[in-house]
2 protein chains.
Amino acid sequence: MRHRGYAGVGMKDIAEASGAPIGSLYHHFRAGKVAIAREALRNAGAAYGLLIPTIIDAYTDLGEAVGGVFDQAAEDMEATGFANMCPVASVAAEVADTVEELRQATRDVFDGWIDGGTAYFVARGLDDRFARDLTVALIGALEGAFLLARALRTTEPLLAAGRTLAPQYRGIALARVSLPPTVGAES
Amino acid sequence: MRHRGYAGVGMKDIAEASGAPIGSLYHHFRAGKVAIAREALRNAGAAYGLLIPTIIDAYTDLGEAVGGVFDQAAEDMEATGFANMCPVASVAAEVADTVEELRQATRDVFDGWIDGGTAYFVARGLDDRFARDLTVALIGALEGAFLLARALRTTEPLLAAGRTLAPQYRGIALARVSLPPTVGAES
DNA sequence: GTCTATAGGACGATAGAC
DNA sequence: GTCTATCGTCCTATAGAC
């Protein structure tokens with residue numbers, strides 16, 4: 001679904017990919033396709049929520065950390081042949097104006113990432129409001145750079161975002177603490 | 001198409017919206033739906049290419065200019081009820097891995113915006129490479145913030161992006177020249 | 001609970017009268 | 001060039017045998 005979009009993937013595809021026949025899907029997800037998509041978004045959200053904090057955990061300087069996030073993203077993207085890096089973004093763009101129930105699911109995922117990231121940065125010693133702005137801007141810049149990189153098939157957008165965002169944070173220290181266990185785990 | 005996605009809009013919808021019957025569409029666009037989408041992307045790209053430069057043209061300080069872009073975007077978005085601000089982004093996300101021909105069309109649009117924006121900033125006195133990084137990062141940050149804002153139905157992502165990007169550019173002067181006539185006009 | 005068969009309708013595309 | 005009628009295929013969802 002991250003590759004073909006919500007409207008672009010059929011129940012037949014889901015059945016084929018999961019190995020189960022269509023009837024079984026409707027037995028477990030009585031609400032049909034929307035329910036499956038909702039679950040998929042929830043799962044993807046939980047799985048990816050810790051990704052940014054995990055990368056940043058290796059750094060003690062905020063500038064290097066931010067640069068590291070985009071460098072890592074660029075590397076991964078090139079290694080995977082510019083596949084879709086974020087399992088939520090393309091669906092979010094598609095359903096925001098059309099399937100209100102799924103829009104809410106994507107909102108919950110993003111809210112979870114923002115709250116989790118903010119809590120992580122606060123735990124690392126940053127001010128509340130600063131941590132939240134940074135998290136929101138970081139996720140936004142990443143999603144936008146992913147979009148451009150996939151369309152252009154170049155890592156330039158990711159590298160440019162890193163070069164643009166990182167320098168101003170050089171010299172801001174990140175306190176050395178380990179990942180809090182609950183960060184971003186739930187939406 | 002910006003609202004419902006490429007797969008989500010049918011030829012019937014296009015015919016209805018345009019007033020012409022389906023047969024006429026296939027007469028003018030022999031390649032069918034893909035050709036129509038390609039043209040729509042080209043048009044949207046040309047129409048929106050001058051948008052950022054137009055906003056920035058009112059400023060002489062780069063920091064205020066960048067802040068102004070995001071503030072303006074936030075205002076527009078709230079005023080339109082969080083409708084899709086960019087007619088290319090959602091389609092780009094959808095077709096990047098699926099319809100190669102349309103991926104190339106979105107690439108051409110983005111390339112045009114990047115080249116046009118870079119040329120604009122250079123005309124305003126910025127260094128080549130700096131201008132290009134700034135343009136790419138700006139477009140990326142905008143697209144990402146649009147995505148988050150539509151999902152969350154909040155202007156926070158746009159405002160946070162502005163607060164995060166703008167301050168480092170305060171004090172950098174933009175030379176006072178008018179818009180070059182060719183900027184971003186063609187892909 | 002699992003799975004097959006199929007309903008009912010929308011899809012992109014075409015044929016061909018005007 | 002314009003438009004209508006329709007093709008064949010695919011869709012989501014369901015019914016019902018096992």
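Proteins come first, then strands; the chains are lettered A, B, ... in the order of their sequence lines, and each starts at number 1.
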d(CD1, Ile22(B); P, dC11(C)) in whole Å: 9 Å
d(CZ, Arg30(A); C1', dG1(C)) in whole Å: 14 Å
Contact under 4.0 Å: Tyr26(B) side-chain N or O vs dA13(C) OP1/OP2: yes
Residue whose nearest DNA chain D nucleotide is more 5′ - Ala20(B) or Val9(A): Ala20(B)
Asp13(A) CG - dT12(D) C1' separation (whole Å): 12 Å
Value in whole Å for how far the C1' atom of dT14(D) lies from NZ of Lys33(A): 17 Å
Distance-only side-chain donor-acceptor flag, Gln104(B) / Asp108(B), under 3.5 Å: no
Between dA13(C) (P) and His28(B) (NE2): distance, integer Å: 17 Å
Closest non-hydrogen atom pair between Val136(B) and Pro157(A), with its separation: CG1-CA, 3.5 Å
Arg153(B) with Glu100(A): basic N within carboxylate O range, under 4.0 Å: yes
Nearest-Å distance for atom pair NZ/P, residues Lys12(A) and dC3(C): 17 Å
Sugar-phosphate, base or nothing in reach of Val34(A), heavy atoms under 4.0 Å: nothing
Geometric class of the Tyr169(A)/Phe130(A) ring pair [parallel <30°, tilted 30-60°, perpendicular >60°]: perpendicular
Interatomic distance where NE2 belongs to His27(B) and P belongs to dA15(C) [whole Å]: 15 Å
Sugar-phosphate, base or nothing in reach of Gly10(A), heavy atoms under 4.0 Å: sugar-phosphate
Touch class at under 4.0 angstrom, heavy-atom based, for Gly32(A) against every strand present: sugar-phosphate
Distance in angstrom units between Met11(A) CE and dT9(D) P, rounded: 23 Å
